[in-house]
Amino acid sequence: MLEIRNLSKSFPIRNAFGRRIGEVKAVDNVSFSIEKGQVYGLAGESGSGKSTIARMIMGLEKPDSGDILINGEGLADRSSGHSRAVQMVFQNPGSSLNPRRTVGQSVAVPLVAHSYSGNRQKRVGELLEMVQLPAHFAERYPHELSGGQKQRVAIARALAVEPKLLVLDEPTSALDVSVQARVIELLSELGQQMQLTYLFISHDLSLMRNFARSVGVLYRGQIVETGSAASVFENPSHDYTRLLLASVPVISEEEEAMRPKIPLIDGEMPTAETLLALRQSRQTEHHERG
Ligand SMILES: Nc1ncnc2c1ncn2[C@@H]1O[C@H](COP(=O)(O)OP(=O)(O)OP(=O)(O)O)[C@@H](O)[C@H]1O
Ligand SMILES: [Mg+2]
């Protein structure tokens with residue numbers, strides 16, 4: 001369904017006066033593929049290049065080099081760069097829905113864009129029911145919905161034009177933990193019903209473990225580990241993967257708030273060594289606290 005070959009993308013780094021002083025390799029020679037109907041998980045810390053890959057797949061950003069094939073077809077072959085076969089669900093449902101549009105109007109946007117010929121209102125109702133919302137929610141405005149409900153609306157909108165591939169960029173990270181699992185469950189059910197292929201981007205490895213069949217771990221723009229979710233998570237071979245896994249269990253929000261944040265120097269990713277050292281000092285601290 002999706003094949004990514006040797007994909008690379010760099011961005012210029014500029015100083016305060018706008019002068020180019022270097023470049024960051026946001027995506028560095030990345031290759032992976034997803035079979036039809038499968039879920040591929042892309043994991044990695046903030047800044048590792050996940051969204052840049054997503055944006056290139058969506059045709060929102062041009063790769064420096066490499067190929068993106070969807071159903072064997074290159075991006076250049078797709079007319080407007082925005083194909084109905086590929087849709088995306090973004091991290092923040094609050095900002096991806098227009099606050100001045102009703103839910104129904106938002107869900108109908110892709111129907112209008114792709115000149116849907118059937119009864120639009122009926123289709124909107126069906127789509128809302130597909131994501132387990134009552135059809136009358138079409139009359140509501142985003143501010144009248146919870147975070148999880150908004151994300152369901154965003155999923156309904158993405159499904160409106162019957163895509164083959166859904167790119168989910170941190171689809172649940174803005175949601176409460178209890179709601180996250182239910183949204184993943186819904187995506188999983190819909191995927192099976194509609195034979196959807198998913199690229200699931202997340203830094204939450206516990207969610208990924210349950211959802212993705214195979215995973216790739218990104219570190220500074222490169223895939224440092226890949227394989228079945230079971231093998232990568234049960235038996236990680238790379239230090240960075242082990243570190244990501246070690247930071248999974250979060251017991252409470254207070255604990256999370258107390259965790260030292262990883263220092264970012266000039267927006268640069270810390271090295272794996274720094275991260276490991278931090279992790280170890282964190283553990284020592286934990287032992288000392290009792
Ligand atoms: N338009 C841009 N201009 C300059 N640099 C960019 C641009 N977009 C991304 N970058 C840089 O590319 C790198 C990868 O960014 P990206 O957004 O892909 O990371 P990410 O893995 O999605 O992170 P997060 O988990 O925080 O969403 C970062 O160093 C980022 O600063
Ligand atoms: Mg991102």
Side-chain angles (χ1 to χ4, degrees), residues 2 4 6-32 40-66 68 75 81 86-96 147 151 154 158 166-175 180 183-184 198-208 211-212 215-226 232 238 240-241 243-248 250 256 259 261-272 274-275 278:
L2 175 71
I4 305 268
N6 309 105
L7 197 63
S8 294
K9 175 82 186 174
S10 295
F11 293 107
I13 303 173
R14 295 179 195 281
N15 67 10
F17 307 104
R19 252 195 71 187
R20 194 187 170 120
I21 50 166
E23 59 173 27
V24 52
K25 282 190 171 178
V27 178
D28 190 1
N29 200 24
V30 164
S31 302
F32 65 90
Y40 184 88
L42 201 53
E45 285 275 343
S46 182
S48 56
K50 305 181 298 293
S51 294
T52 305
I53 293 175
R55 285 199 301 272
M56 288 192 280
I57 294 170
M58 294 306 297
L60 301 172
E61 198 104 62
K62 210 170 134 17
D64 294 338
S65 58
I68 299 169
L75 263 187
V86 195
Q87 295 291 315
M88 185 155 168
V89 176
F90 295 90
Q91 172 171 351
N92 193 334
S95 59
S96 69
Q151 200 57 307
L166 269 192
V167 177
L168 310 164
D169 191 357
E170 306 266 7
T172 64
S173 53
L175 306 177
Q180 288 181 351
V183 170
I184 294 297
Y198 287 125
L199 173 60
F200 177 61
I201 295 174
S202 181
H203 57 257
D204 187 332
L205 300 187
S206 52
L207 277 180
M208 192 168 283
F211 188 33
V215 298
V217 179
L218 263 190
Y219 177 64
R220 292 183 159 206
Q222 296 185 328
I223 292 195
V224 292
E225 182 150 5
T226 184
V232 169
H238 198 280
Y240 178 63
T241 313
L243 187 92
L244 278 180
L245 282 168
S247 50
V248 167
V250 171
E256 170 70 332
R259 268 174 35 163
K261 295 284 174 271
I262 294 162
L264 289 178
I265 305 146
D266 295 336
E268 264 289 301
M269 271 292 294
T271 63
T274 325
L275 287 167
L278 258 166

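The chain is numbered in sequence order, starting from 1. Here the structure is a predicted model, which means the values were calculated and not measured. Read the numbers this way: they start at 1 and go in the same order the structure lists the ligands and their atoms.
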*Atom of A154, atom of V89 and distance for their closest heavy-atom approach*: O-CG2, 4.3 Å

*asked:* So, taking the atom named CG in L168 and the one named CD1 in I201, what distance separates them when rounded to the nearest 0.5 Å?
replied: 8.0 Å

*asked:* Just verifying a value: how many Å separate L42 CG and I53 CD1, rounded to the nearest 0.5 Å?
replied: 5.0 Å

*asked:* Are the side chains of Q222 and N29 in contact, using a 4.5 Å heavy-atom criterion?
replied: no

*Sequence-distant partners of F211, ring-ring contact (aromatic ring centres under 6.0 Å, His included), two or more places apart*: Y198, F200

*Winner among K50, R220, M56 once heavy atoms are compared against atom 25 (O) of ligand 1*: K50

*Does E61 reach ligand 1 with a nitrogen or oxygen that is under 3.5 Å from one of the ligand's nitrogen or oxygen atoms?*
no

*Give the atoms of ligand 1, by number and element, whose distance to some non-hydrogen atom of S48 is under 4.0 Å.*
19 (O), 21 (O)

*Is a side-chain N or O of D169 found less than 3.5 angstrom from the main chain of S51, in a donor-acceptor match?*
no

_Can you check which of T52, I13, V27 brings a heavy atom nearest to atom 16 (P) of ligand 1?_
T52

*Taking atom OG1 of T226 and atom CZ of F32, what is their separation to the nearest 0.5 Å?*
9.0 Å

*Between E45 and ligand 1, find which residue part has any heavy-atom pair under 4.0 Å and reply side chain, backbone, both or neither.*
backbone

*Consider ligand 1: state whether an atom of it lies below 4.0 angstrom from any non-hydrogen atom of R55.*
yes

_Going by the rule side chain to side chain contact (heavy atoms under 4.5 Å, CB included), which residues pair with E225 if we only count those two or more places apart in sequence or in a different chain?_
V217, V232, P236, S237, H238, T241

*asked:* As an exercise, state the distance from CG of L199 to CG of L2, rounded to the nearest 0.5 Å.
replied: 7.0 Å

*Considering only heavy atoms, does R14 approach ligand 1 within less than 4.0 Å through its side chain, its backbone, both, or neither?*
neither

_Geometric N/O contact H203 with ligand 1, under 3.5 angstrom_ = no

_Is there a polar contact between ligand 1 and G47, counting only N or O atoms under 3.5 Å apart?_
yes

*For T52, check side chain to side chain contact (heavy atoms under 4.5 Å, CB included) against everything at least two apart and list the hits.*
K9, F11, A26, V27, R55, M56

*Just distances here: any N/O of A26 and N/O of ligand 1 closer than 3.5 Å?*
no

*Mark yes or no for whether Q151, through its side chain, and P171, through its backbone, hold a donor-acceptor pair below 3.5 Å.*
yes

*asked:* Check for me: within less than 2.8 Å of the Mg ion (ligand 2), which protein N/O/S atoms show up?
replied: S51 OG

